[in-house]
Amino acid sequence: QVQLVESGGGLVQAGDSLRLSCAASGRTFSVSAMAWFRQAPGKEREFVSAISRSGGNTLYADSVKGRFTISRDNDKNTVYLQMNSLKPDDTAVYYCATSPLGLPDARAYAYVYWGQGTQVTVSS
């Protein structure tokens, strides 16, 4: 089992920045690609960003390209999501997920373990 704990969410104003963190524990040797998804009220969970184990490959949803940056520290088994120029449409619960696959993937079914989520609220 792998446990994931997200942190860093909060209430900010449009244009502000936040940095989310997701720490993995347990059988972390099985963790390869890591990703962030989000779910807004009344909407389906959607892909935000993903990163390969090495950090050399990343994927972003079109809606966050140029504003969000994913990174990871394998020594700390932690993945980060730096979110800049936040918009009210970014309001959602953000979830971290891990996959045993090597390359980042935008499909939710590629991910085995999920965190409980952290709320991000952006006011206009």
Side-chain angles (χ1 to χ4, degrees):
Q1 289 277 29
V2 175
Q3 293 78 42
L4 300 173
V5 178
E6 301 100 334
S7 61
L11 171 62
V12 297
Q13 293 186 330
D16 286 350
S17 298
L18 276 177
R19 189 195 195 201
L20 304 183
S21 300
C22 172
S25 62
R27 298 168 66 87
T28 56
F29 61 84
S30 67
V31 172
S32 188
M34 298 186 77
W36 290 95
F37 287 77
R38 66 187 182 186
Q39 187 167 17
K43 295 187 177 181
E44 296 288 321
R45 187 173 297 190
E46 65 173 359
F47 171 75
V48 176
S49 184
I51 188 168
S52 62
R53 181 170 181 82
S54 69
N57 289 287
T58 58
L59 283 178
Y60 293 95
D62 288 343
S63 59
V64 306
K65 277 181 183 176
R67 300 188 299 122
F68 291 10
T69 302
I70 193 170
S71 61
R72 66 189 294 168
D73 183 336
N74 287 336
D75 289 338
K76 297 181 179 179
N77 292 311
T78 299
V79 64
Y80 305 98
L81 185 69
Q82 177 66 44
M83 304 186 296
N84 298 331
S85 302
L86 283 162
K87 305 175 181 179
D89 284 349
D90 295 318
T91 295
V93 177
Y94 284 70
Y95 298 91
C96 173
T98 69
S99 169
L101 303 177
L103 294 177
D105 198 302
R107 297 166 296 183
Y109 64 74
Y111 297 87
V112 176
Y113 297 105
W114 293 78
Q116 293 298 306
T118 185
Q119 177 71 47
V120 172
T121 303
V122 185
S123 63
S124 57

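Computed from a predicted structure; not experimentally measured.
Looking at R67, its side chain does come within 3.5 Å of a backbone N or O of S85 through a donor-acceptor pair. Judged by distance alone, the side chain of S63 and the main-chain N or O of A61 form no donor-acceptor pair under 3.5 Å. Put simply, the side chain of N74 gets close to the backbone of R53: a donor and an acceptor are under 3.5 Å apart. Within the 3.5 Å criterion, the main-chain N or O of V122 finds a donor-acceptor partner in the side chain of T91.
Under a hydrophobic clustering in which Ile, Leu, Val, Met, Phe, Trp and Tyr are joined whenever their side-chain heavy atoms come within less than 4.5 Å, directly or via other members, V64 and V12 fall into the same cluster. Using a 4.5 Å cut-off between side-chain heavy atoms of Ile, Leu, Val, Met, Phe, Trp and Tyr, with links allowed through other members, Y60 and L86 fall into the same hydrophobic cluster. There is a path of hydrophobic side-chain contacts, each under 4.5 Å, that joins V48 to V112.
Here SG of C22 is found 10.0 Å from CZ of R72. Values are rounded to the nearest 0.5 Å. Between N77 atom CG and T98 atom OG1 the span is 10.5 Å, to the nearest 0.5 Å. Distance CZ/R27 to CD/Q3: 10.5 Å, rounded to 0.5 Å. A distance of 11.5 Å separates OG of S49 from CE of M34, quoted to the nearest 0.5 Å. Taking CD from Q39 and CD from E46, the interatomic distance works out to 9.5 Å, rounded to the nearest 0.5 Å. In this structure, CH2 on W36 lies 8.0 Å from CE on M83, to the nearest 0.5 angstrom.
For the pair L18/V120, a side-chain contact is recorded, criterion being any heavy-atom separation below 4.5 Å from C-beta on. Between I51 and V79 the shortest side-chain heavy-atom distance falls below 4.5 Å. No side-chain heavy atom of S32 sits under 4.5 Å from any side-chain heavy atom of S99. The shortest side-chain heavy-atom distance between I70 and Q82 does not fall under the 4.5 Å cut-off. Inter-residue side-chain proximity for E6 and L20 is flagged as unmet; no heavy-atom pair is nearer than 4.5 Å. You'll find the side chain of L59 reaches within 4.5 Å of the side chain of F47, heavy atoms only. Between L81 and T69, the closest side-chain pair of non-hydrogen atoms is not below 4.5 Å. Taking the side chain as every heavy atom from C-beta outward, W114 and C96 never approach each other to under 4.5 Å.
A salt bridge links D62 with K65; the closest basic N to acidic carboxylate O contact falls under 4.0 Å. Salt bridge annotation for R107-D105: present, with a cationic side-chain nitrogen under 4.0 angstrom from a carboxylate oxygen.
Taking each heavy atom of A92 and Q119 in turn, the nearest pair found is O-NE2, 3.4 Å. Considering all non-hydrogen atoms of both residues, L101 and A110 come closest at CD1-CB, 4.2 Å. The shortest heavy-atom contact between Y111 and A33 is CE2-O, 4.2 Å. The minimum heavy-atom distance linking S124 with A14 is given by the pair CA-CB, 4.4 Å.
Between F37 and Y95, the distance separating the two ring centers is not shorter than 6.0 angstrom.
N84 and S17 are linked by a side-chain donor-acceptor pair at a separation below 3.5 angstrom, with hydrogens and angles left out of the test.
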